[in-house]
Structures are given as structure tokens and as C-alpha cells.
> 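Below is the structure I would like to discuss, written out as C-alpha cells.
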Amino acid sequence: MAAGAAEAAAAVVEVGSAGQFEELLRLRAKSLLVVHFWAPWAPQCAQMNDVMAELAKEHPQVSFVKLEAEAVPEVSEKYGISSVPTFLFFKNSQSIDRLDGAHAPELTKKVQRHASSSSFPSGGSEHLKEDLSLRLKKLTHAAPCMLFMKGTPQEPRCASFYSHSLDSAVYRIVDSCRSAVGKGPDYSGLGRLEGFSKQMVEILNKHNIQFSSFDIFSDEEVRQGLKTYSNWPTYPQLYVSGELIGGLDIIKELEASKELDTICPKAPKLEERLKVLTNKASVMLFMKGNKQEAKCGFSRQILEILNSTGVDYETFDILEDEEVRQGLKTYSNWPTYPQLYVKGELVGGLDIVKELKENGELLPILKGEN
């Protein structure tokens with residue numbers, strides 16, 4: 001009897017309508033609810049359904065739900081589901097976290113973390129709102145120009161598995177027709193839109209605008225909270241000096257009127273940027289990786305030499321910035337890495353540093369005595 005009850009509790013519930021989903025949110029408000037937005041045509045979703053089934057056995061106190069994203073479009077659109085698989089985490093009927101993609105280890109970590117944490121105390125809601133407002137203020141002021149987007153400038157994540165501009169019934173008709181001839185969904189001819197975040201990044205880069213970004217998929221609290229904070233319901237959102245400029249349509253209008261260049265700060269020219277970087281610290285090492293983790297043998301060797309001198313130094317990971325990686329070769333007229341600089345002047349690469357150490361000249365150079 002006890003085994004049967006445990007097995008029932010461990011089952012993954014399948015939701016087939018918006019009403020059923022809202023009712024489930026209400027009934028399971030006091031426990032952690034994990035919802036898998038999936039699609040039957042995506043093999044990675046089937047794999048993650050198996051992972052959910054195992055997690056349900058390990059965490060009987062957690063409610064696990066799977067919801068076919070395209071079958072219940074009103075729920076998918078409400079929570080901004082743009083790809084599958086996507087997992088949302090709910091407590092007190094509120095979305096508290098999100099995971100996009102088939103990442104079983106990360107899903108397991110998030111379930112364990114949220115299952116072990118206590119629910120938000122009802123009496124502390126005002127305090128939480130105040131803390132969130134302060135956090136959002138800091139984030140919007142984190143750089144002179146801040147872009148809140150889906151994904152990163154290198155990997156925008158706005159592409160939709162169906163276009164919200166078309167009625168979902170169209171997709172169901174296409175699905176049924178293709179299923180009749182034994183084929184899966186194909187939306188390639190239905191006007192898929194280029195992602196809004198991707199378009200925003202392209203405009204900013206085209207105008208050489210210097211900006212930092214925040215991936216709203218990485219923090220569900222920020223994603224939902226910023227909509228209220230800014231009174232702007234969609235993403236991307238662009239801020240200058242902490243003030244909201246607007247979304248993609250506004251930025252396109254500013255670009256057309258030639259006002260964008262006067263509002264947003266320009267990125268410095270590459271040569272100016274490299275000069276600033278090479279002078280960032282008295283001793284600067286441009287390498288593959290960082291102090292904690294060298295990502296090539298030469299960088300590892302030069303770290304060992306510098307650490308043996310006891311001199312303070314900073315590093316720059318060239319693998320994280322292709323513009324700097326290529327530009328510094330020309331700027332310094334030195335084609336390889338690592339490169340060591342003292343007071344903005346190139347000392348050399350690994351062979352030069354080894355030679356200087358053997359001759360007893362390295363430490364005086366690092367200390368600026370030569």
C-alpha cells in the first residue's frame with residue numbers, strides 16, 4: 001500500500017489545457033512545481049521526460065508536470081516559451097526559475113536546490129519587492145548602456161518554434177497534413193521571424209555602440225520583475241544611464257531618425273581600447289585562460305614563472321574576445337600568445353620571459369627598475 005502511494009506521488013502529471021494548468025498551480029501552491037514544456041517531435045524532449053520521471057521518484061514532495069507547448073499555446077505565450085525543452089519552476093503559484101534546453105545535470109541541480117529551500121514567507125513579500133527593486137536599479141546602472149535580452153550578444157536565443165504572429169491553428173493544420181504523409185512538423189515556409197534580441201544586437205554593433213548585456217533566461221526573477229520595474233512588457237529592453245530607452249521598435253525608429261548615435265555611448269576605437277587594456281595594470285598578461293585556469297601549455301608555463309616572482313599581475317583571456325585577440329597581434333607586432341606587458345610596453349612571449357628569468361633580468365623589469 002505504501003509503495004503504491006509512493007509510486008502515485010512520483011508520477012509525472014500531463015496537462016492538456018490552460019484551465020487544468022491554472023488549477024494545478026492553485027492546488028500545488030505550497031509545494032515546488034516543475035513544468036516541462038515539450039514537443040513530441042523533439043527527441044531531446046523525450047529524453048528529458050525520462051529524466052523527469054527519475055527525478056519524480058527521488059523527490060516525491062515535488063510536483064512534476066509536462067505540458068505540450070504547441071497544444072496549449074496560451075500558457076506557452078504567457079510564460080514566453082520560445083523553444084523546447086524548457087522547464088519552469090513554480091512556488092506559491094509564482095514562476096521562480098527557468099531552464100532552457102536539454103541539460104539534465106542542471107535540471108537535477110535546480111530541482112535539488114529549490115526542493116530544499118523553504119517557501120517565501122508571506123509576511124516578507126514587501127521586503128522581497130524592495131530588495132528586487134534595488135537589484136534591478138543596480139543592474140540597469142551596471143554599464144552606461146545595458147541591454148536586457150534573451151541569450152547573449154554572441155548567442156541570441158529568440159528564434160521561435162512557431163511564430164506568434166500566426167494563429168496556432170495554422171500550425172495544427174500543417175502538423176495534421178504532414179502527419180498524414182508520415183512527416184514531422186515543418187514551419188520553414190511560415191514566415192519565421194528573426195529574433196528580436198538578435199536584431200537589436202546587430203543594430204547596436206552596426207552603430208559601434210558600447211554596451212553590456214544581461215541574459216534574462218539566466219534569472220527568472222529579473223525577467224519578470226523588470227517588466228513591472230520598467231512598465232515595459234517585452235524583451236529586449238535597452239537602458240542608457242539607467243533610463244529605459246525602449247525595445248526593438250523604438251531603437252529602429254531612433255536609428256531611422258539618426259538619434260541613436262546621439263543617445264548611446266560609442267565603443268572606443270580598437271587601438272584606444274588596446275592601449276587601455278595593456279595599461280590596465282603595471283604587469284598585464286594576455287593569455288589563453290586566466291590565473292586560475294590556463295587553457296594552453298605556453299600560458300601555463302608563463303603563469304608558473306610569474307607566480308614564482310611574487311609580483312602582482314593581472315590577466316586577460318584572449319579566448320573571450322576575438323577582436324582583442326586578433327587586434328593585439330597587429331598592435332604589438334607579435335603574432336603569438338601569451339604576451340607580457342609592463343607599464344603598457346610589450347616585454348615578449350614565453351621564450352623571451354624564460355630568457356630574461358635565466359639572465360636574472362625578469363624581476364627588475366617586472367618591478368619597473370629597468
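Predicted model only: the values in this text are computed from it and were never measured. Numbers for residues simply follow the sequence, beginning at 1.
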> Could you tell me if the side chain of I203 sits less than 4.5 Å from the side chain of V201, heavy atoms only?
no
> Is it true that R273 and E323 have a side-chain N and a carboxylate O under 4.0 angstrom from each other?
yes
> Heavy-atom distance under 4.5 Å between the side chains of V347 and L366, does that happen here?
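When only atoms from C-beta onward are counted, L366 and V347 do not touch, as no gap falls below 4.5 Å.
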> Looking only at the side chains, is there a donor atom on one of Q301 and K354 sitting less than 3.5 Å from an acceptor on the other?
yes
> Mind checking the CG-CE spacing from N279 to M284? Nearest 0.5 Å is all I need.
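So the gap between those two atoms works out to 9.5 Å.
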> Could you check whether E23 pairs with R26 (Lys NZ or Arg NE/NH1/NH2 to Asp/Glu carboxylate O, under 4.0 Å)?
yes
> Measure the CG-CG distance between N333 and L346 for me, rounded to the nearest 0.5 Å.
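Those atoms lie 9.0 Å apart.
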> Does atom CD of E271 have more than 12 heavy-atom neighbours, drawn from other residues, nucleotides or ligands, at distances under 6.0 Å?
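At most 12 heavy atoms, drawn from other residues, nucleotides or ligands, come within 6.0 Å of this atom.
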> Compare every heavy atom of L32 with every heavy atom of A115, then report the nearest pair and how far apart it is.
N-CD2, 3.6 Å
> So, D215 and K150, do they make that salt bridge, N to O below 4.0 Å?
no
> Should the pair E293-K288 be classified as a salt bridge under the 4.0 Å nitrogen-to-oxygen rule?
no
> Can you confirm whether E345 is buried at CD, in the sense that more than 12 heavy atoms of other residues, nucleotides or ligands lie under 6.0 Å from that atom?
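For E345, atom CD is not crowded (no more than 12 foreign heavy atoms under 6.0 Å).
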> For P85 and H36, which heavy atoms make the closest approach, and how far apart are they?
CB-NE2, 3.2 Å
> With a 4.5 Å cut-off on side-chain heavy atoms, are S31 and Q61 touching?
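A side-chain contact is absent here, since even the closest heavy-atom pair is not under 4.5 Å.
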> How many angstroms lie between atom OG of S93 and atom CG of L25, to the nearest 0.5 angstrom?
5.5 Å
> Do V342 and Y313 have side chains that approach each other closer than 4.5 Å (heavy atoms only, starting at C-beta)?
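No, too far: nothing below the 4.5 Å cut-off.
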> Can you measure from CG (L147) to OG (S213) and round to the nearest 0.5 angstrom?
6.0 Å
> Can you name the closest pair of heavy atoms from S17 and V72 and give their distance?
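So the two residues come closest at C-CG1, 3.8 Å.
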> Measuring only between side-chain heavy atoms, which start at C-beta, is Y341 closer than 4.5 Å to S332?
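Heavy-atom side-chain distance check passes, below 4.5 Å.
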> Using a 4.5 Å cut-off on heavy atoms from C-beta on, say whether the side chain of I302 contacts that of L285.
yes
> With a 4.5 Å cut-off on side-chain heavy-atom distances among I, L, V, M, F, W and Y, is there a chain of contacts connecting W38 to V62?
no
> Counting N and O atoms only, with roles assigned by atom type, does the side chain of T309 sit under 3.5 Å from a partner on the main chain of V311, one being a donor and the other an acceptor?
yes
> Can you tell me if NZ on K137 sees more than 12 non-hydrogen neighbours from other groups inside 6.0 Å?
no
> Check S133 against Y229 and note the closest heavy-atom contact, atom names and distance.
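Smallest interatomic distance, heavy atoms only, reads O-CE1, 3.9 Å.
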> Are K57 and E54 close enough for a salt bridge, meaning some N to O gap below 4.0 Å?
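Answer for the salt bridge query: yes.
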> So F214 and F148, would you call those rings parallel, tilted or perpendicular, with 30° and 60° as cut-offs?
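If you compare the ring of F214 with that of F148, the planes turn out tilted.
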> Report the distance from atom CD of E320 to atom CZ of R325, rounding to the nearest 0.5 Å.
12.0 Å
> Flag the pair Y79 / F90 as yes when their ring centroid distance falls below 6.0 Å, and as no otherwise.
yes
> Using a 3.5 Å distance criterion without hydrogens, assess whether the side chain of Q20 forms a donor-acceptor pair with backbone atoms of G16.
yes
> Could you check whether K227 and Q237, counting side-chain N and O atoms only, form a donor-acceptor pair closer than 3.5 Å?
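Short answer, no.
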> Would you say V15 and K66 make side-chain contact, with heavy atoms under 4.5 Å?
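They are not in side-chain contact.
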> List the steps, then state whether side chain to side chain contact (heavy atoms under 4.5 Å, CB included) holds for V34 with V65.
CA-CA 6 Å; V34 181; V65 173; over 6 Å; no
> Would you check, one step at a time, whether the test side chain to side chain contact (heavy atoms under 4.5 Å, CB included) holds for I251 with D249?
CA-CA 5 Å; I251 299 307; D249 289 342; over 6 Å; no
> Does the pair D219/R98 count as a salt bridge with the N-to-O cut at 4.0 Å?
no
> So, taking the atom named CD1 in I305 and the one named CG in L350, what distance separates them when rounded to the nearest 0.5 Å?
5.5 Å
> Are the side chain of T315 and the backbone of N290 linked by a donor-acceptor contact shorter than 3.5 Å?
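It does not hold such a pair.
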> Regarding W41 and E70, do their side chains bring together a donor and an acceptor under 3.5 Å, going by distance alone?
yes
> For K291, I'd like to know if atom NZ has over 12 heavy atoms of other residues, nucleotides or ligands within 6.0 Å.
yes
> Does either side chain, that of E259 or that of S257, offer a donor lying less than 3.5 Å from an acceptor on the other one?
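Yes.
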> Take L107 and F87 through the test side chain to side chain contact (heavy atoms under 4.5 Å, CB included) and record every step on the way to the result.
CA-CA 8 Å; L107 177 63; F87 296 85; 3.8 Å; yes
> Identify the two heavy atoms, one from L132 and one from G225, that lie closest to each other, and give their separation to 0.1 Å.
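Minimum heavy-atom contact is CD2-CA, 4.0 Å.
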> Check whether the side chains of D100 and T86 place a donor and an acceptor atom closer than 3.5 Å, and report yes or no.
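There is such a pair (donor and acceptor under 3.5 Å, judged by atom type) between the side chains of D100 and T86.
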> Between Y337 and F298, is the gap from one ring center to the other below 6.0 Å?
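Ring centres of F298 and Y337 not closer than 6.0 Å.
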> More than 12 non-hydrogen atoms from neighbouring residues, nucleotides or ligands closer than 6.0 Å to CG on N359, yes or no?
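Count over threshold, so yes.
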> Taking all non-hydrogen atoms of both residues, which atom of G247 and which atom of M200 are closest, and how far apart?
C-CE, 3.7 Å
> Treating Ile, Leu, Val, Met, Phe, Trp and Tyr as nodes and any side-chain heavy-atom pair under 4.5 angstrom as an edge, say whether L238 and L226 lie in one connected cluster.
yes
> Mind checking whether L274 and F286 have side chains closer than 4.5 Å, heavy atoms only?
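Not touching, per the 4.5 Å side-chain cut-off.
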> Run the side chain to side chain contact (heavy atoms under 4.5 Å, CB included) test on D317 and M287 for me, step by step, so that the C-alpha distance in whole Å, both residues' side-chain angles and the decisive distance to 0.1 Å come before the verdict.
CA-CA 5 Å; D317 184 358; M287 60 177 288; 5.9 Å; no
